[in-house]
Amino acid sequence: MKLSRFSRAGSAVAVGALALTLAACGSDPAAPGAASTGGAEEGGSSLSGELSGGGASSQESAQEAWRAGFQTANPDATVNYDPVGSGGGRTGFTDGSYAFAGSDAALDEEEMAAAEAQCGEGGVIEFPGYVSPIAVAFNLDGVDSLNLKPEVIANIFSGEIKTWNDDAIAADNPDVELPDTAITVVHRSDDSGTTENFQAYLSEVAPDAWAHEPEGVWPIDGQESAQGTSGVVAAAQSGEGTITYADASQISDLGTVAVGVGDEFVPYSAEAAAEVVAQSPRAEGSSEGVYAIELKRDVPGTYPVVLVSYLLACGTYADQAQADLVKGYMSYVVSEEGQQAAADAAGSAPLSADIRDAVLPSIEAIAAG
């Protein structure tokens with residue numbers, strides 16, 4: 001059943017084991033989420049009810065941290081997050097199944113139109129909540145790190161470079177003993193914002209080697225695939241000579257690539273990813289509640305393969321308790337405390353004060369209507 005403008009406190013979508021009951025400290029205005037106006041009597045908890053969302057699996061660890069922190073403020077609220085992938089999150093949000101969603105790509109024009117129709121006159125709120133490097137990760141016995149130029153990465157993932165001792169790889173890794181092991185590319189099988197972000201990087205920095213338009217579905221047939229972030233990491237770990245792309249927080253013990261940027265090779269780090277975002281402009285032509293970023297991937301000293309994962313919400317909800325709960329949760333997500341909780345749990349890069357100040361007014365304006 002479609003939930004018109006998210007009018008029910010719950011969701012018709014089944015949620016997994018990630019559901020948490022939120023508990024906590026009542027009326028302290030400094031506590032996570034307690035700043036929501038909520039309509040409750042002064043001195044009591046302002047937030048109650050059930051909030052269901054889902055989407056980007058890259059946000060899974062961050063969502064756990066946000067919900068665990070948020071539970072210290074609101075004893076009568078429950079938040080669920082189903083990490084079905086970015087495509088599922090955007091679909092669930094635009095068809096009314098989710099009250100909020102996580103997406104590793106900003107909504108395109110068609111999706112925005114559907115979301116606006118679902119949200120009504122309050123419009124759509126879209127902002128970067130989770131910023132993390134996308135690691136190019138591999139499983140090669142005895143090798144922990146490699147230097148790879150953008151064109152080489154593109155040719156590996158397109159299948160043009162087929163073995164690990166290829167001259168193009170060896171040229172920038174003279175001290176590494178590279179085997180003649182075949183390269184096995186592992187990509188996401190689901191519609192994934194991580195895939196779209198990774199392809200956007202390849203098409204922008206190596207257009208001669210990567211001719212595919214960036215999209216959430218992997219464009220090359222015949223390679224190995226797996227569902228979700230945890231799926232591609234597990235698949236890469238289980239085979240010798242594999243290579244994949246995944247949110248850096250979840251790559252476990254896989255080897256990683258230092259990516260060529262100009263004349264240097266930059267390993268992934270939250271700091272290097274944060275600097276890319278800090279130096280990238282807000283997309284032009286978007287509405288007041290939408291904060292999408294146009295990434296600059298050629299800044300020296302920064303890590304250019306960056307995942308900017310967005311949170312999606314509505315400006316108005318049919319139910320007051322639901323509106324207050326969304327407002328409280330989103331406020332905690334972008335707060336310094338919430339961003340630090342995600343950084344501690346997932347190794348993400350906290351949002352800058354400038355971005356926080358830009359998105360908070362739209363979040364604080366969430367209301368019933």
Side-chain angles (χ1 to χ4, degrees), residues 11 13 15-20 22 32-33 51-71 79-93 97-107 111 125-135 188 190-198 216 227-233 245-252 268 270 273-274 277 291-293 305-313 326 329-335 337-351 355-356 359 363:
S11 169
V13 176
V15 296
L18 293 177
L20 285 176
L22 306 182
L51 178 62
S52 289
S57 61
S58 62
Q59 291 187 20
E60 186 171 357
S61 296
Q63 287 284 348
E64 288 180 1
W66 289 328
R67 285 151 49 223
F70 193 59
Q71 75 181 14
V79 171
N80 307 309
Y81 185 81
D82 192 2
V84 294
S86 292
R90 293 193 296 271
T91 298
F93 182 70
S97 299
Y98 292 140
F100 75 96
S103 173
D104 292 342
L107 296 175
E111 291 167 333
I125 297 171
E126 179 181 60
F127 62 90
Y130 177 77
V131 176
S132 178
I134 298 174
R188 291 280 290 268
D190 52 318
D191 187 338
S192 161
T194 307
T195 295
E196 185 170 347
N197 275 265
F198 183 59
Q227 174 83 19
T229 303
S230 59
V232 293
V233 170
Y245 56 91
D247 185 281
S249 67
Q250 299 185 49
I251 60 169
S252 187
Y268 81 83
V277 175
Y291 195 110
I293 294 173
V305 199
V306 180
L307 171 69
V308 179
S309 197
Y310 293 86
L311 272 297
L312 308 173
V326 174
Y329 189 57
M330 294 297 109
S331 295
Y332 177 58
V333 166
V334 300
S335 71
E337 181 179 352
Q339 287 293 298
Q340 189 58 53
D344 293 342
S348 57
L351 294 179
I355 294 179
R356 180 182 299 110
V359 303
I363 294 173

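Residues: numbered from 1 along the sequence shown.
Remark: Gln227 pairs with no residue by the side-chain hydrogen bond (donor to acceptor under 3.5 Å, both in side chains) rule, at least two apart or across chains. Under the side chain to side chain contact (heavy atoms under 4.5 Å, CB included) criterion, Ala274 pairs with Ala349, sequence neighbours left out. Residues that satisfy the side-chain hydrogen bond (donor to acceptor under 3.5 Å, both in side chains) test with Glu111, not counting sequence neighbours, are Arg90. Partners of Thr91 by side chain to side chain contact (heavy atoms under 4.5 Å, CB included), not counting sequence neighbours, listed by chain and number: Asp95. Ser230 pairs by the side-chain hydrogen bond (donor to acceptor under 3.5 Å, both in side chains) definition with nothing, not counting sequence neighbours. With sequence neighbours excluded, the residues forming a side chain to side chain contact (heavy atoms under 4.5 Å, CB included) with Ala246 are Thr229, Val232, Val233, Ile251, listed by chain and number. Residues that satisfy the side chain to side chain contact (heavy atoms under 4.5 Å, CB included) test with Ala56, not counting sequence neighbours, are Ser58, Gln59, Tyr81, Ser86, Asp104, Ser309. Taking the ring-ring contact (aromatic ring centres under 6.0 Å, His included) definition, one finds that Tyr245 meets it with Phe198, Trp218, sequence neighbours left out.
Residues Tyr291 and Glu126 fail the side-chain proximity criterion, which asks for heavy atoms closer than 4.5 Å. Counting heavy atoms from C-beta on, the side chains of Val277 and Val306 come closer than 4.5 Å. Within the 4.5 Å cutoff, no side-chain heavy atoms of Ile125 are placed close to those of Leu312. The shortest distance between side-chain heavy atoms of Arg356 and Phe127 does not fall below 4.5 Å. Within the 4.5 Å cutoff, the side chain of Val305 has no heavy atoms near those of the Tyr268 side chain. Two residues are said to be in side-chain contact when any heavy atoms from C-beta on lie closer than 4.5 Å; Pro133 and Leu307 fail this criterion. For the pair Met330 and Val334, the minimum side-chain heavy-atom distance is 4.5 Å or more. Leu51 places a side-chain heavy atom less than 4.5 Å from the side chain of Phe100.
When every heavy atom of Ala270 is checked against every heavy atom of Gly347, the shortest pair comes out as CB-O, 3.3 Å. The two atoms that bring Ala313 and Val326 nearest to each other are CB-CG1, 3.9 Å, heavy atoms only. In plain terms, the two heavy atoms of Ser348 and Pro350 that are nearest each other are O-CD, 3.5 Å. When every heavy atom of Tyr98 is checked against every heavy atom of Phe93, the shortest pair comes out as O-CD1, 3.8 Å. Taking both residues in full, the closest heavy atoms of Ala65 and Ala345 are given as CB-CB, 3.7 Å, listed atom of the first, atom of the second, then distance. Pairing each heavy atom of Ala342 with each of Ala62, the nearest pair is CB-CB, 3.9 Å.
Taking CH2 from Trp66 and OH from Tyr332, the interatomic distance works out to 10.0 Å, rounded to the nearest 0.5 Å. Note that the CG atom of Asn80 and the OG atom of Ser52 stand 4.0 Å from one another [nearest 0.5 Å].
A side chain to side chain contact (heavy atoms under 4.5 Å, CB included) with Tyr130 holds for exactly one of Asp247, Leu351, Leu311, Val308; it is Asp247.
Here the side chain of Gln339 pairs a donor or acceptor atom with the backbone of Gly129 at under 3.5 angstrom. Here the side chain of Asp82 pairs no donor or acceptor atom with the backbone of Gly54 at under 3.5 angstrom. Looking only at distances, a side-chain donor or acceptor of Ser335 sits under 3.5 Å from a matching main-chain atom of Gly338.
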